Amino acid sequence: MTDRSVLRDGVPTVPVSGEIHFSRLPRERWGERLRQMRANGVTLASAYVLWLHHSPERGIAHFDGARDVAAFIDECSAVGLEVVLRIGPWAHGEARNGGFPDWVADADVEHRSDDPRYLELVEEWFAQLAANLDGRARPGGPVIAIQLENELYDRPGHLLTLKRMAREAGMAAPLWTATAWGGAQLPPGEVMPLFGGYGDGFWADPEDGWDPSFRAHYFPSHTWDDPGVGADVRASQGFSAVDPAPEGSDLALLGGFPPATCELGGGMATAYHRRPVLSGRDVAALAQMKIGNGSAWQGYYMYVGGRNPAPGMQETQATGYPNDMTEWSYDFHAPIGQSGDLHESAALLRAQHAFLAAFGHRLGTSSLPDAQVTGLDDTHTLRWALRSDGVEGFCIITHHQPHVPVTTATGVQLRVRLDGETVVVPSAPIDVPAGTMARWPIGLRVGGTRLRWATASALTLLEDELLVLCADSGVPVEVAVGDEAPRVIEAGLHEIAGLSLLVLGDAAQAWVLGHDLWLSDGELLWDGERVEVRDATFARRFDVSARTWVDLPVSSPRSPVAVGARLIRAGRKAPADHGFGGARHRAPSCAAFDELAAVYALGMPAWTGDAVLDIDWAGDVGQLRVDGETVDDRFWDGTRWSISLRDAGIHPGSTVTLHLLELSGDSTVWLPADAQVRRRGAVEGLLILDRVSLRQRGEWERVDTAG
C-alpha cells in the first residue's frame with residue numbers, strides 16, 4: 001500500500017466494497033445477493049456485525065440462521081468475494097442503541113471508552129464472535145479488513161485497545177480500518193482511515209435545504225473529510241464537531257494511506273421527518289466524482305437493502321436518537337433493493353466498476369483542472385479531473401448533481417498535460433450535456449498501438465487487445481489513433497491504425513463478467529464461473545476471436561398481474577403532525593396508526609417460485625401485514641414499494657392486508673420534489689392507493705459461456 005494506491009501482489013488495484021447486512025436478510029438469500037453483487041462488479045462484501053442482533057442478554061450470543069457470521073463469510077468465499085468485517089462494538093447502522101444490546105446500553109459503564117467495566121463486556125462479545133468465526137478472520141483468510149468501532153471521533157487510544165482485544169480474541173486481518181470523517185482522531189499508522197460521502201441525508205432537519213456538506217461531493221476536490229455524516233448523532237452523544245480540514249490538506253492528513261471510502265451513499269434511508277430520494281445518476285455521479293478525485297477504494301453504504309430481523313430493532317427518538325426510522329424496512333434505495341430488484345443506480349455503477357477492474361492499475365494520480373469552479377453555487381463550469389501517471393490517463397467528467405441542475409457546458413475542449421506533450425481533446429469545441437458521466441482515455445496503450453484520445457467512456461479491455469468504449473449521450477464519439485487524424489465513428493466494431501475498438505451505444509445493458517462482455521436487458525448472476533440470467537428478452541456474449549456477438553437462449557419475463565385491493569376500513573383524517581423531538585417530527589405511535597390507517601385486503605393471485613408485490617401509493621406511512629403480523633413498512637417518499645413474497649413469508653392462503661395512513665395537508669415533513677408536488681395537489685389530506693400488482697420473476701437460467 002502507498003499513499004496513493006492499494007496494492008495486491010505489488011500491483012495497484014481499486015477494490016470495490018458493497019455493504020450487505022447478513023442479519024437483515026434471510027439466510028437463503030445470501031448466495032443470490034452475493035452473486036448479484038459479483039455480477040455488478042463488487043469485489044468485497046462489507047458487513048456490520050450488529051451485537052444487538054445476536055445477544056439478547058449477557059452470556060448469550062446467537063449465531064444461528066441469518067446470524068451465522070461464519071456461514072456468511074463462507075458464502076462470500078464461495079462466490080469469490082472477500083470480506084470487510086465491521087465488528088463495532090458500536091456500529092450505528094440505524095440500529096437501536098447503535099447496535100448495542102439493551103443490557104449493554106443500560107449498563108453502568110462509560111460506553112465506547114477504556115472504562116474497565118465496559119471493556120469487560122466487549123471482551124466477552126469479541127470472544128463469542130471469534131468462536132463463531134473459528135479462524136476465518138486471520139491473515140490469509142477471506143476477511144481482508146476489520147473495521148473497529150464506527151464514527152468515534154476523539155478516542156484514538158480506545159481504537160488501539162479494541163484492536164488489541166480483537167487480536168487477543170483471535171481476530172486479525174491484513175488491514176485494520178476506522179471511519180475518519182468528522183475530523184476523527186485516529187492512532188497514526190494503526191488503522192486505515194476510511195471516508196464517506198452522501199448526496200443527501202435524513203439527518204438534516206426538515207426545514208433545511210440541500211446542505212453544503214452534501215453538495216460538496218459533486219465537485220472536483222482533494223478534500224476527503226465530510227463534517228456532515230453522522231453530525232446529528234455525534235452531537236446527541238456529546239462528541240465535539242470538528243471543523244473540516246482546509247482544501248488540499250486532506251491527503252497529508254491520511255498518514256501515508258491512500259484516499260479510500262467505506263460509505264459512498266449507494267442510496268439513502270428514509271426517516272419520518274426527512275425522506276430524501278436520490279436518482280441513480282445522483283448516486284453514480286457522486287461515486288465517479290470520487291474516482292476522479294483520486295479514490296483508491298470505492299466503498300458503498302448500502303449496496304444491498306434488507307429488513308430488520310425483529311420488531312423494535314430500529315433507531316428511534318424514544319431510544320435516544322434524533323430520528324425515527326422505519327421499524328422493518330432497510331431498503332436504503334440501494335442498487336440492490338431489499339426485494340432483490342436492481343435500482344437505476346446499479347447499471348451506472350456497474351460500468352464504473354468494469355472500468356476500475358480493467359484500468360484501476362493504470363489510473364495514476366488525480367489532478368484538478370486549472371479552471372476551477374467558483375463555488376458550490378457554480379452550475380456552469382464543467383466538472384472534471386484527470387487520473388494519470390504522466391504517460392496515459394483518463395479525463396473523468398462528472399457533470400451532474402441532484403436538486404440543483406447543472407447547465408450544459410458549452411465550448412468544451414480540454415487541454416491535458418502529459419509528460420512531454422499537451423493533448424487537446426476533442427479536435428474542436430463541443431457542448432457537454434448536463435448529466436454527463438464520462439471516462440475519456442488519453443494516451444492509452446492497447447497492444448502496440450496508442451490511442452491518443454477518445455470522446456467516449458472506457459468500459460473494459462478484452463484479451464488485452466480489444467478496447468471497449470461506450471458512447472456518452474449527446475457527445476459525438478471522436479477518436480485519435482497513432483498519427484492518424486481524428487475521426488468521428490459510430491457504434492460498432494472498428495479497426496483503426498492497428499487499434500481494435502468496440503463502441504457500444506451506451507453501457508446500460510453491458511455486463512463485464514471476468515474476461516467476457518455481455519449485453520442483456522435482463523439480470524445476470526455470476527460467481528466467477530457460472531453465468532445465469534433471468535427476466536431477459538435477449539442475452540448475448542461477445543466472442544473476441546470471432547469478433548461477433550453470440551446470442552444465447554433466454555426465457556422472456558412475465559407481465560405483472562393486478563392484485564385486488566378491497567377497502568375494509570376507511571382511513572380517518574390525520575393530524576398535521578404526531579409530535580416532535582426538537583425540530584424533527586415523530587412517527588405516529590402504533591395506537592395512532594391503528595386508529596387512523598385505512599385497511600385494504602389484498603386478493604393475491606396464484607403464483608409460483610419467486611414473486612414481488614409492487615405497491616404504488618401516496619400517503620404518510622404504510623404497513624404490510626401477513627396473518628395479522630407486520631412484515632414490512634414504508635414512509636412514503638414518492639417511490640414504488642416492492643416486497644418479496646418469499647422474504648415476507650407470504651404463502652398461498654395467507655391473509656395479506658395493507659394499512660395506509662393519510663399524510664395531512666398541513667404536515668411539514670420534508671419530501672422529494674415530485675412527492676411534494678403530489679402532496680400540494682391534495683387540498684386536505686393525501687391517501688391514494690394507485691395500484692397493487694404482482695410481478696412473477698423467472699427462474700435463474702444458466703447460460704453456456706463456451707463458443
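It should be emphasised that the depicted structure is a prediction, and the values quoted were computed from it without experimental measurement.
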Practice prompt. Hey, can you tell me if W30 and F72 have their rings parallel, tilted or perpendicular (30° and 60° cut-offs)?
Written response: perpendicular
Practice prompt. Would you check, one step at a time, whether the test side chain to side chain contact (heavy atoms under 4.5 Å, CB included) holds for T179 with V229?
Written response: CA-CA 11 Å; T179 54; V229 179; over 6 Å; no
Discussion item. With heavy-atom distances below 4.5 Å as the criterion, would you say the side chains of L7 and T13 are in contact?
Written reply: no
Worksheet item: Given the side-chain rings of H353 and Y300, with only the six-membered ring counted for Trp, is the space between their centroids under 6.0 Å?
Response: yes
Discussion item. What I'd like to find out is whether the side chain of N40 reaches to under 4.5 Å of the side chain of L349, using heavy atoms alone.
Written reply: no
Side-chain atoms of residues 161-172: list all donor-acceptor pairs with protein atoms under 3.5 Å, sequence neighbours left out, distances to 0.1 Å.
from : atom 1 : to   : atom 2 : distance (Å)
T161 : OG1    : D114 : OD1    : 3.1
T161 : OG1    : D114 : OD2    : 2.9
T161 : OG1    : G157 : O      : 3.2
K163 : NZ     : E190 : O      : 2.9
K163 : NZ     : E190 : OE1    : 2.8
R164 : NH1    : E168 : OE1    : 3.2
R164 : NH1    : E168 : OE2    : 3.2

Worksheet item: Looking only at heavy atoms, which two atoms of S46 and E19 are closest? And how far apart?
Response: OG-OE1, 2.7 Å
Response to the item:
So CE of M313 and CG of L52: to nearest 0.5 Å the spacing works out to 4.5 Å
Fill in: Side chain proximity check, P322 to V233, heavy atoms < 4.5 angstrom
yes
Worksheet entry | R117, CZ atom: more than 12 neighbouring heavy atoms under 6.0 Å | yes
Item to complete: Quick one: do L363 and L356 satisfy side chain to side chain contact (heavy atoms under 4.5 Å, CB included)? Show the steps, please.
Response: CA-CA 9 Å; L363 284 182; L356 293 174; 3.9 Å; yes
Fill in: Residue pairs fulfilling side chain to side chain donor-acceptor pair (under 3.5 Å) with at least one residue in residues 303-314, sequence neighbours excluded
R24-N308
Worksheet item: What distance separates M192 CE from C262 SG, expressed to the nearest 0.5 Å?
Response: 10.0 Å
Discussion item. Taking R33 first and then E75, would you say they form a salt bridge - that is, a charged N and a carboxylate O separated by under 4.0 Å?
Written reply: no
Fill in: Atom pair CG (L44) and CD1 (I20), whose distance is rounded to the nearest 0.5 Å
13.0 Å
Worksheet entry | Heavy-atom pair with the smallest gap, counting every atom of A346 and P335 | CB-O, 3.9 Å
Worksheet item: Does the pair D377/R215 count as a salt bridge with the N-to-O cut at 4.0 Å?
Response: yes
Fill in: Of T319, D102, D106, the residue whose pairing with N97 passes side chain to side chain donor-acceptor pair (under 3.5 Å)
D102
Discussion item. Just so I know, are the side chains of W297 and K290 near enough to count as touching, which here means a heavy-atom distance under 4.5 Å?
Written reply: no
Item to complete: Evaluate the side chain to side chain donor-acceptor pair (under 3.5 Å) criterion for residues S329 and D331: first the C-alpha distance (whole Å), next the side-chain angles of each, then the deciding distance (0.1 Å), finally the verdict.
Response: CA-CA 6 Å; S329 175; D331 175 77; 5.8 Å; no
Item to complete: Quick one: sort the H158 and Y118 rings into parallel, tilted or perpendicular, breaks at 30° and 60°.
Response: tilted
Practice prompt. Could you list all the side chain to side chain donor-acceptor pair (under 3.5 Å) pairs where at least one residue sits in residues 126-143, not counting sequence neighbours?
Written response: D68-N132, D74-R136
Discussion item. Taking the six-membered ring for Trp, are H217 and Y198 closer than 6.0 Å centroid to centroid?
Written reply: no
Worksheet item: Does the separation of the ring centres of H53 and Y48 fall below 6.0 angstrom?
Response: no
Practice prompt. Please report the C-alpha distance between E149 and R155 in whole Å, then the side-chain angles of each, then the deciding distance to 0.1 Å, and finally whether the salt bridge (charged side-chain N to carboxylate O under 4.0 Å, His left out) criterion is met.
Written response: CA-CA 11 Å; E149 251 281 346; R155 297 175 182 176; over 6 Å; no
Worksheet item: Which of parallel (below 30°), tilted (30 to 60°) and perpendicular (above 60°) describes H403 and W670?
Response: perpendicular
Worksheet item: Between D115 and S113, is any side-chain donor less than 3.5 angstrom from a side-chain acceptor?
Response: no
Practice prompt. For T316 and D324, run side chain to side chain contact (heavy atoms under 4.5 Å, CB included): C-alpha distance rounded to whole Å, both residues' side-chain angles, the deciding distance at 0.1 Å, then the answer.
Written response: CA-CA 4 Å; T316 66; D324 278 347; 3.5 Å; yes
Item to complete: Start with the C-alpha distance between N293 and L368, add both sets of side-chain angles, then the distance that settles side chain to side chain contact (heavy atoms under 4.5 Å, CB included), and finish with yes or no.
Response: CA-CA 8 Å; N293 291 351; L368 305 184; 4.3 Å; yes
Fill in: side chain to side chain donor-acceptor pair (under 3.5 Å) assessment of H92 paired with E315
CA-CA 8 Å; H92 195 197; E315 170 185 328; 2.8 Å; yes
Fill in: Test item: P402 and Y218 side chains (from C-beta on) under 4.5 Å apart, heavy atoms
yes
Worksheet item: How are the rings of F100 and H111 set relative to one another: parallel (under 30°), tilted (30 to 60°) or perpendicular (over 60°)?
Response: tilted
Worksheet item: Would you say the side-chain atoms of R362 pair up with the backbone N or O of E392, donor to acceptor, closer than 3.5 Å?
Response: no
Discussion item. Please check: side-chain N/O of W224 versus main-chain N/O of A180, any donor-acceptor pairing under 3.5 Å?
Written reply: no
Fill in: Atom of G199, atom of L278 and distance for their closest heavy-atom approach
C-CD2, 4.0 Å
Discussion item. Both conditions, 6.0 Å and 45 degrees, for the charged tip of R27 above the ring of F22: are they met here?
Written reply: no
Discussion item. Against V49, only a single residue in R86, H54, H21, R67 fulfils side chain to side chain contact (heavy atoms under 4.5 Å, CB included); can you say which?
Written reply: H54
Worksheet entry | Non-hydrogen atoms of C395 and W384 that approach each other most closely | SG-CZ3, 3.9 Å
Worksheet item: What distance do I396 atom CD1 and S367 atom OG have between them, rounded to the nearest 0.5 Å?
Response: 12.0 Å
Worksheet entry | Side chain to side chain, F195 and D226, heavy atoms closer than 4.5 Å | no
Worksheet item: What closest approach, in Å, do R281 and H400 show between heavy atoms, and which atom pair accounts for it?
Response: O-CD2, 3.6 Å
Worksheet item: Atom OG in S5, atom NE2 in H361: separation rounded to 0.5 Å?
Response: 11.5 Å
Item to complete: Heavy atoms only: give me the nearest G18-V42 pair and the separation to one decimal.
Response: N-CG1, 3.7 Å
Discussion item. Salt bridge or not between E151 and R234? Use side-chain N to carboxylate O under 4.0 Å.
Written reply: no
Item to complete: Give, for atom CG of L152 and atom CG of L186, the distance between the pair rounded to the nearest 0.5 Å.
Response: 9.0 Å
Item to complete: Could you check if a side-chain atom of W90 sits within less than 4.5 angstrom of a side-chain atom of Q237, using non-hydrogen atoms only?
Response: yes
Item to complete: Begin with the C-alpha distance, continue with both residues' side-chain angles, and end with the deciding distance and a verdict on side chain to side chain donor-acceptor pair (under 3.5 Å) for R439 and Q288.
Response: CA-CA 9 Å; R439 303 170 296 277; Q288 182 167 285; 2.9 Å; yes
Item to complete: For atom CZ of R8, decide whether the heavy atoms of other residues, nucleotides or ligands shown that lie under 6.0 angstrom number more than 12.
Response: no
Worksheet item: Got a sec: does the CG of D64 have more than 12 other heavy atoms crowding it under 6.0 Å?
Response: yes
Item to complete: For a side chain to side chain donor-acceptor pair (under 3.5 Å) with R274, tell me which candidate from D205, N323, D200 qualifies.
Response: D200
Worksheet item: Would you say the side chain of T270 lies within less than 4.5 Å of the side chain of T326, judging by non-hydrogen atoms?
Response: no
